[in-house]
Amino acid sequence: MAEQHSVEIRHLDLDFGAVKVLQDLNLDIHEGEFLVLLGSSGCGKSTLLNCIAGLLEPTDGQIFIKGRNVTWAEPSDRGIGMVFQSYALYPQMTVRGNLSFGLKNAKVPKAEIEKRVNRAAEILQIQPLLDRKPGALSGGQRQRVAIGRALVRDVDVFLFDEPLSNLDAKLRADLRVELKRLHQQLENTMIYVTHDQVEAMTLADRIAIMKGGQIMQLSTPDEIYNRPRNKYVADFIGSPSMNFLDGHLENHVFKRGDLVMPMTGYEFAAPKVADRKATIGIRPEHVITGELVQGAPVKSEILVDVVEPMGSDTLVWGNMGDRPFRLRMDGNARVKPGERLPIGIDPSRASLFDASDETRL
Amino acid sequence: MAEQHSVEIRHLDLDFGAVKVLQDLNLDIHEGEFLVLLGSSGCGKSTLLNCIAGLLEPTDGQIFIKGRNVTWAEPSDRGIGMVFQSYALYPQMTVRGNLSFGLKNAKVPKAEIEKRVNRAAEILQIQPLLDRKPGALSGGQRQRVAIGRALVRDVDVFLFDEPLSNLDAKLRADLRVELKRLHQQLENTMIYVTHDQVEAMTLADRIAIMKGGQIMQLSTPDEIYNRPRNKYVADFIGSPSMNFLDGHLENHVFKRGDLVMPMTGYEFAAPKVADRKATIGIRPEHVITGELVQGAPVKSEILVDVVEPMGSDTLVWGNMGDRPFRLRMDGNARVKPGERLPIGIDPSRASLFDASDETRL
Amino acid sequence: MSDIGMLNTVKAAEDPVRRRLDSGPRGARPKRALSRGNIILYGTLLVVSLYYLLPLYVMIVTSLKGMPEIRAGNVFAPPMEITFQPWVKAWAEACTGVNCEGLSRGFWNSVRILIPSVILSITIACISGYTLSKWKFKGSDLFFTILIVGAFIPYQVMLYPIVIMLREVGNTLGVQLFGSLTGLVLVHSVFGMPILTLLFRNYFASIPDELFKAARVDGAGFWGILFRIMLPMSLPILVVAMILQVTGIWNDFLFGVVYTRADSYPMTVQLNNIVNSVQGIKEYNVNMAATLLTGLVPLFIYFVSGKLFVRGIAAGAVKG
Amino acid sequence: MAIADTTATDDRVADRPASAKKPMRLFRNLMPKLALTPMALTAVVVFLGGTIWTVVYSFTSSGLLPRLDWVGLEQYDRLWSTTKWIVSIQNLALYGFLSLIFTLVIGFTLAAMLDRKIRGEAVFRTIFLYPFALSFIVTGLVWQWILNPDYGVQGVVRSLGWESFTFNPLNNPDIVMYGLLIAGLWQGTGLIMCIMLAGLRGIDEDIWKATRVDGIGTVKTYVQVIIPMMRPVFVTSVVLIASGIIKLYDLVVAQTSGGPGISSEVPAKYVMTAMFGGQNLGQGFAASSMMLLGVVIILVPWAFLEFGGRKKRV
Amino acid sequence: VEMEVMHWWTSGGEAAAVAQFAEALNNNTDNTWLDGAIAGGGDVARPVMVSRIIGGDPPAAFQFNHGRQAEELVEAGLLLDLTDVAEEQNWAEIINPPSLLEACTYDGRVYCAPVNIHSWQWMWLSNAAFETAGVEVPQSWTEFVETVPALEEAGITPLAMGGQAWQQNGSFGVMAIALAGEEAWLAVNRDKDAEVARGPEYARVFEAFGAARDYSAGLQVQDWNQATNAVIEDTAAAQIMGDWAQGEFALAGEVAGEDYSCLPGLGEVAVLDTGGDAFFFPVTGDPEMEAAQKELAALLLSPEVQVAFNSAKGSLPIRGDVDLTTVNECTQKGLDLLAAGQTLPSGNELLSPDTITQLNDLMTQFWNDTSMTPADVQEQYAQIIESAS
Ligand SMILES: Nc1ncnc2c1ncn2[C@@H]1O[C@H](COP(=O)(O)OP(=O)(O)OP(=O)(O)O)[C@@H](O)[C@H]1O
Ligand SMILES: Nc1ncnc2c1ncn2[C@@H]1O[C@H](COP(=O)(O)OP(=O)(O)OP(=O)(O)O)[C@@H](O)[C@H]1O
Ligand SMILES: [Mg+2]
Ligand SMILES: [Mg+2]
């Protein structure tokens with residue numbers, strides 16, 4: 001284990017009374033990594049983050065930051081900074097006050113405080129705002145101040161709890177990029193909680209998908225998108241979500257009624273997979289349409305139900321037989337509800353899951 | 001003009017004290033149309049909707065619904081139904097109670113109420129929920145009940161005020177489609193307020209872009225996306241937003257430093273446009289990359305700053321000279337920050353604006 | 001064990017030594033029940049509680065003592081010989097003037113005053129608060145401002161003007177307002193109005209406007225929205241209003257004595273008569289028993305509805 | 001403008017005849033106006049009318065009955081040259097100041113303690129709140145007795161052997177106001193505690209977390225972060241406390257009757273004594289008017305800020 | 001008819017006395033007595049009564065003190081004219097002293113029915129207390145002052161005084177008559193002569209009053225009867241208090257002459273002031289009620305009722321022609337003075353309530369503020385007299 005781990009979590013359990021929120025959770029986060037905790041509401045993301053921050057006490061297990069066991073350490077002694085969904089800025093203090101409050105409390109010398117606040121303000125480009133109060137800031141500016149509050153404290157690990165979910169779409173996109181840029185600049189470890197998969201995909205070095213207090217998959221965005229470990233992850237990632245078709249895997253050929261799909265080019269998890277009931281998953285954006293259908297390995301057609309033109313591309317909601325089927329087409333595509341649309345599928349970009357335990361085959 | 005107008009708004013003014021929120025606003029909405037009011041926060045969308053509903057009294061002007069002057073009519077007499085952002089379900093009543101409240105108020109006979117509630121429940125597939133209270137419903141179910149409340153009243157016009165903005169991304173996408181399907185089924189007039197452009201683009205027959213209490217453009221989504229009437233609209237629609245480059249239009253050729261762009265194929269608003277300072281706008285998704293750059297009418301390159309892989313596609317944030325420049329690439333594109341990326345531009349898909357009054361040329 | 005934390009997670013169940021942990025702190029930090037912070041916290045609370053409970057204790061203890069014992073000992077000593085005589089006397093025997101019926105005479109009067117007063121004052125305040133929050137019109141806030149300033153006027157100052165108003169209004173309408181229960185109920189409603197209206201107004205303001213708008217679209221009118229939508233959601237604030245009014249009206253002496261006749265004096269007048277009638281040495285035990293008896297109704301309501309009270313306050317008072 | 005025109009509509013911008021007429025302003029939304037009548041009447045007739053009536057009669061020499069024989073400022077002259085009035089004002093100022101401060105401090109401290117997720121919160125809350133259910137008459141009586149030098153605290157401490165112990169506020173003109181304060185606080189802090197508790201419950205949990213991450217101690221967090229955030233709660237509390245202070249009367253009557261001497265007189269009692277003891281309504285009204293003036297000076301700017309500022313119409 | 005009668009007689013002896021009225025009314029007429037007692041004295045009860053009258057819902061009868069308190073009500077025509085009853089019953093003859101009827105008469109018409117005489121001019125002494133101190137029971141204020149050191153020696157509070165203002169002002173009035181003399185007192189109280197108030201006679205009174213303040217330092221009670229109780233229990237030696245105090249001694253089973261002694265006029269100037277209570281009858285406009293009111297007025301002055309009432313209350317009857325059934329030593333002293341015409345009008349009759357309130361305040365202030373010298377208070381006193389109407 002040559003590589004330094006920034007945060008290590010060992011066998012973490014956390015109960016709220018009878019409710020087990022985290023269950024034997026293990027997680028290693030690399031130095032300088034941007035890790036996103038992604039999961040649906042209530043899956044325990046915030047709880048985990050609060051445990052790392054020391055704001056919640058685990059029922060069992062240990063937490064290490066930079067190799068130091070901080071399980072019992074105070075939040076302020078852990079070398080972490082946290083940015084909250086509501087930002088939790090101190091409303092009656094100026095931005096400068098917000099930034100320096102923690103430092104003053106730690107009895108850092110005046111000059112040093114000054115220096116650090118200015119540096120943080122410079123990095124975040126909020127120098128002109130230093131004497132305003134949070135009430136007079138826009139959402140994005142507040143968010144920067146909240147980050148600044150962690151920044152001045154020179155922490156090893158940044159923790160973010162859905163810092164963008166209160167903002168409107170446009171601002172969210174801008175701030176996402178800013179965060180990413182900040183990470184490139186600071187090279188700190190960042191742990192970021194969200195339930196927005198676009199954020200997860202764009203920001204993360206690695207994504208941890210959580211469900212029911214456990215981690216379902218911990219991989220790069222690419223891997224998670226292209227090779228989801230199980231049907232839950234596959235369904236969770238991607239918008240509109242993956243199309244699933246139930247069928248049979250026989251001799252590495254997926255069959256469902258008329259649809260026969262030899263899985264050539266598909267990377268099976270094990271070299272030889274036995275025959276069984278299986279589910280195939282096809283991402284809407286991987287469906288082949290238009291002229292390219294001719295050359296597609298597998299062909300089928302769907303009955304169009306709803307068409308959503310989105311400018312840059314068009315979403316088509318239809319049915320393949322009795323199953324709903326979504327696909328994403330070019331923004332210029334002209335499709336009408338009620339139309340029969342020929343499509344093509346490339347098995348090498350599909351995902352195959354066991355029908356019973358739903359793991360990837 | 002033979003077509004019947006469902007809602008007509010004439011010279012509508014509305015002031016809150018000194019603040020003029022709506023100014024001489026005119027709007028005709030066709031029978032059965034799905035009209036989306038789109039605009040940034042505070043531009044007066046909700047105010048306009050509330051005026052149509054009769055929940056706010058205009059300072060001046062008139063409102064017609066189905067040809068009847070309803071400017072001073074009670075909300076319940078206007079033949080409108082409204083769905084609110086927070087759904088505003090009556091928390092102490094069951095779903096059935098919520099649905100029948102309006103009918104009871106209108107003294108509709110018991111049997112008739114029963115019939116209509118059941119029909120609405122069927123359309124919206126909420127029969128099993130009829131005896132629950134709103135507190136025991138999920139976000140999506142609540143939304144359906146809220147729609148049902150308008151549905152039972154057999155109204156001519158449905159008004160929606162950001163009905164999806166409280167939901168998470170996944171649910172939002174699903175309900176959007178459901179709404180669209182509902183509109184296809186009911187063929188009522190629907191007026192829908194949002195500040196989410198994806199919703200606007202996917203749902204609308206026509207979009208009205210508002211700014212500062214006035215309507216900037218009222219057109220089909222396609223038109224708005226491809227031929228924005230001015231720079232505000234162009235900037236507002238599309239995510240990430242359009243790239244703008246300032247330069248000179250000389251003899252139908254746009255020039256900016258090294259970049260020389262003959263506007264062949266571009267549909268000018270007037271046959272002959274005089275030389276002037278102009279701004280060209282290029283949508284990130286219309287930038288040509290990869291092998292296709294070779295064949296592009298105009299070529300350039302950008303310095304990549306941040307890369308956001310989003311699964312289905314990849315956003316690249318970079319700089320063209322001193323101007324930030326965004327582009328959207330395929331999900332498989334592999335680009336690294338710091339790289340110089342050759343790009344191509346197709347003038348026929350660009351938009352050209354006057355630099356001073358920002359209208360489309 | 002190279003890079004993968006994920007392996008840990010997924011395979012944890014199969015790991016034979018899965019509970020192998022590094023030494024060092026683990027799990028929840030051990031807590032001592034008697035930490036310094038806790039001692040200070042609970043210690044202070046207990047001491048402060050003593051201060052709050054002391055008077056109640058004194059009242060109860062004293063009311064159970066005989067007069068000789070009271071004269072001999074201090075107020076805090078527990079009774080050596082418990083007697084309920086003071087309670088009996090306070091309730092049924094204590095004299096004022098020629099009447100020797102104790103508090104019992106006033107109890108039902110108080111109830112008869114209390115119930116209509118509480119109902120009327122809450123009704124008016126509720127309707128006003130509702131109007132002020134959801135049906136504002138030009139000038140409505142001005143009335144409200146005047147009303148709030150009115151909350152600061154000492155009641156005594158308004159005594160005469162109100163007497164005159166009741167007389168004049170009564171004469172105009174041809175009914176007896178002054179000196180009748182109706183008049184008293186009106187007076188209680190008037191003086192309860194500022195605070196109650198404020199509470200209701202703030203509470204209704206915290207109910208989303210959208211709900212109100214939805215009901216209007218559904219064709220509910222002014223009253224329909226109030227009764228069918230708003231009121232069913234108003235339990236906490238109704239409780240607060242009721243508690244405040246019950247306390248205020250039940251404890252009221254001034255209005256009760258001025259605006260009623262001798263045969264309908266409320267209990268507090270009797271209490272005043274018992275407490276302020278001086279016969280030789282003060283009969284403290286009877287006074288205390290009378291005091292406790294009088295306080296019983298509001299105290300009971302407090303003990304029963306404490307939790308709702310905090311909730312209602314949170315909804316009505318805090319959101320300004 | 002140009003844009004709005006073209007976008008909106010085409011040809012028939014020529015207005016249609018307005019078939020529905022704009023209803024008259026007064027009769028629009030008639031029901032709310034009717035519903036507010038009782039309150040408006042109360043405000044205008046009773047409070048405003050009563051106030052004006054009082055002020056008018058303060059310029060007369062009304063005795064036992066209100067009479068309109070004008071004497072100009074005579075009543076005010078006399079008022080301000082009366083020691084008792086001056087003492088009353090001073091007492092009210094002292095009591096008001098201390099009561100405001102202590103009620104806020106104690107109320108907040110108790111609320112903060114109850115907010116620390118303690119056991120038995122409901123029990124403590126009830127204990128702190130119950131005195132509010134009792135009338136001032138009762139409060140005054142009980143505390144008069146507990147503070148009685150012979151039977152009460154002083155007597156008990158002395159009987160325990162500390163013979164020189166002296167705690168006899170109700171008979172010592174210098175500290176009698178503190179004796180009243182003890183009882184007043186006992187009665188009134190519970191409600192404020194409740195309000196503060198409700199306010200604390202409304203503070204964003206994340207703020208607490210943020211201060212913990214910043215390493216700020218509990219007390220410091222309360223003082224520097226939480227309290228400034230609770231401004232509206234404090235405003236409500238101050239209004240409630242202040243309205244109680246100005247009306248301070250029953251407690252004084254029950255506990256000290258203004259004594260010893262005139263050392264615990266308060267303005268409301270001055271008013272009552274002048275009106276009904278001295279049968280000099282004019283004097284009483286003059287004193288009331290001064291009290292009202294004080295209230296108005298403090299209150300009106302606040303009221304306008306609080307309620308007049310953000311106007312909204314339906 | 002049911003007659004609501006309002007009064008503030010709620011203590012033991014008072015209530016028993018009122019019961020005599022009630023009984024008489026219920027037994028002798030067709031009317032019934034509805035008792036409207038309000039404890040707490042005139043200050044609590046008066047606003048209620050006045051409000052009731054102003055508000056148009058007056059009681060059938062109400063109690064006020066003799067004197068000028070009801071003047072304005074009469075002027076406003078709110079009170080029933082009793083002149084025909086007075087003439088019929090020949091009140092002018094029977095009421096003694098005549099000043100009482102004068103106090104009820106405005107512009108020659110009679111508006112109230114006096115029911116009793118109360119005099120402030122008494123000092124009550126505990127025989128046992130002086131015995132304990134080893135001194136003779138004093139016979140005058142001067143002698144009393146001499147016994148003070150011995151009393152203090154014995155741990156007895158020489159003078160009991162309640163904390164309420166009216167008690168202090170009342171005691172001052174008593175001392176003023178006794179120590180400054182009738183003439184000076186009348187000059188000040190009747191003629192409002194501020195020069196006399198500033199003069200040497202009064203200076204002596206203030207000196208004595210200041211001394212009295214010191215004598216009473218050992219006892220801290222509020223109510224007058226608590227002070228009386230201290231005398232009854234022999235922890236205090238003396239109290240200056242009106243004759244109503246005697247009711248407390250009686251209630252405690254003490255016997256005049258044996259257990260306690262009394263000094264009218266402080267033993268210096270043997271004179272009684274003749275305050276007391278009177279009943280007023282508001283105009284109701286209801287003839288039936290008016291008849292009943294007049295019936296009650298006549299009844300209140302009838303000899304039997306006078307005897308029964310005053311025996312119970314410990315006050316003196318307002319008619320000279322009745323004998324109280326059992327009369328103790330002190331009451332007899334009073335009756336003698338009355339018969340001898342040694343009377344003065346009471347302060348209530350001479351001074352307006354407004355002035356009395358001011359004096360109450362001044363005296364209580366002086367009494368409780370030891371830094372105030374007799375000279376200070378004398379000057380302020382003179383100023384109040386100067387501005388009195
Ligand atoms: N203080 C608490 N007491 C009891 N249960 C709690 C508490 N806090 C959280 N929970 C429960 O723990 C679970 C996980 O909560 P958590 O806040 O970690 O979810 P989350 O993943 O952050 O969800 P979201 O995306 O909505 O923020 C939820 O089911 C929640 O109900
Ligand atoms: N009651 C009111 N009094 C004064 N100004 C108001 C009131 N309601 C709205 N406004 C102002 O009117 C403008 C338009 O408000 P409106 O609610 O219509 O915006 P919106 O477009 O719906 O915004 P959002 O997307 O945030 O809902 C805003 O500037 C707002 O501040
Ligand atoms: Mg969370
Ligand atoms: Mg809006």
Side-chain angles (χ1 to χ4, degrees), chain D residues 61-67 69 74-75 77-78 81-88 137 140-141 144-145 147-152 154 168-174 176 250 253-265 269-284, chain E residues 40-51 53-54 64 67-78 161-168 213 217 219-223 351-372 376 380 383-384 387 389:
Chain D
S61 65
S62 298
L64 184 58
L65 299 176
R67 259 188 328 211
D69 44 10
E74 200 174 282
Q75 299 284 12
D77 261 356
R78 160 142 165 228
S81 57
T82 305
T83 323
K84 187 162 88 167
W85 174 249
I86 309 288
V87 171
S88 301
I137 304 269
L141 192 74
Q144 185 194 59
W145 214 32
L147 298 177
N148 181 305
D150 299 324
Y151 303 129
Q154 175 177 312
N168 187 8
L170 297 191
N171 288 306
N172 181 344
D174 297 333
V176 63
D250 301 18
V253 170
Q255 215 180 339
T256 66
S257 308
I262 56 170
S263 53
S264 61
E265 290 287 345
K269 182 160 181 293
Y270 182 94
V271 170
M272 279 302 267
T273 317
M275 290 196 335
F276 302 116
Q279 300 189 357
N280 186 346
L281 287 181
Q283 180 68 24
Chain E
D43 285 0
V44 178
R46 256 193 305 269
V48 179
M49 297 170 180
V50 176
S51 306
I53 295 166
I54 299 180
F64 257 32
R68 303 174 57 183
Q69 291 171 349
E71 231 171 47
E72 285 188 46
L73 295 175
V74 175
E75 283 169 17
L78 294 169
M161 177 73 80
Q164 291 157 353
W166 65 273
Q167 299 177 46
Q168 288 140 20
R213 176 169 73 183
L219 182 73
Q220 280 161 340
V221 293
Q222 288 296 315
D223 294 310
L351 299 172
S352 72
D354 193 20
T355 310
I356 292 173
T357 309
Q358 286 176 282
L359 292 178
N360 281 345
D361 293 341
L362 178 64
M363 291 310 164
T364 194
Q365 195 185 350
F366 172 70
W367 193 264
N368 287 286
D369 182 358
T370 43
S371 67
M372 226 171 143
D376 296 339
Q380 291 186 31
Q383 281 171 10
I384 292 173
S387 66
S389 53

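- Of the atoms belonging to D/Asn280, it is side-chain heavy atoms, and not backbone ones, that fall under 4.5 Å from chain E.
- The environment of D/Glu74 atom CD is sparse: at most 12 non-hydrogen atoms of other residues, nucleotides or ligands sit within 6.0 angstrom.
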One pair to check against side chain to side chain contact (heavy atoms under 4.5 Å, CB included): E/Asp354 and D/Arg78. What are the steps and the verdict?
CA-CA 12 Å; E/Asp354 193 20; D/Arg78 160 142 165 228; 2.8 Å; yes
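- Considering only heavy atoms from C-beta on, E/Arg46 comes within 4.5 Å of D/Gln279 through its side chain.
- In this structure, chain E has a heavy atom under 4.5 Å from the side chain of D/Asn168, while its backbone stays farther away.
- Here D/Leu64 contributes atom CG and E/Met49 contributes atom CE; the two are 11.5 Å apart, rounded to the nearest 0.5 Å.
- In this structure, D/Gly278 and E/Thr357 approach most closely via the heavy-atom pair CA-OG1, 2.9 Å.
- One finds the CG atom of E/Leu78 at 6.0 Å from the CG atom of D/Leu65 (value rounded to the nearest 0.5 Å).
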Side chain to side chain contact (heavy atoms under 4.5 Å, CB included) between E/Gln358 and D/Gln283: does it pass, once the steps are laid out?
CA-CA 12 Å; E/Gln358 286 176 282; D/Gln283 180 68 24; over 6 Å; no
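- Note that the CH2 atom of D/Trp85 and the CG atom of E/Asp361 stand 13.0 Å from one another [nearest 0.5 Å].
- For E/Ile54, the part sitting under 4.5 Å from any heavy atom of chain D is the side chain, from C-beta outward, and nothing else.
- Contact annotation for D/Thr83: only side-chain heavy atoms (C-beta onward) come within less than 4.5 Å of a heavy atom of chain E.
- In this structure, the portions of E/Thr364 lying under 4.5 Å from any heavy atom of chain D include both its backbone and its side chain.
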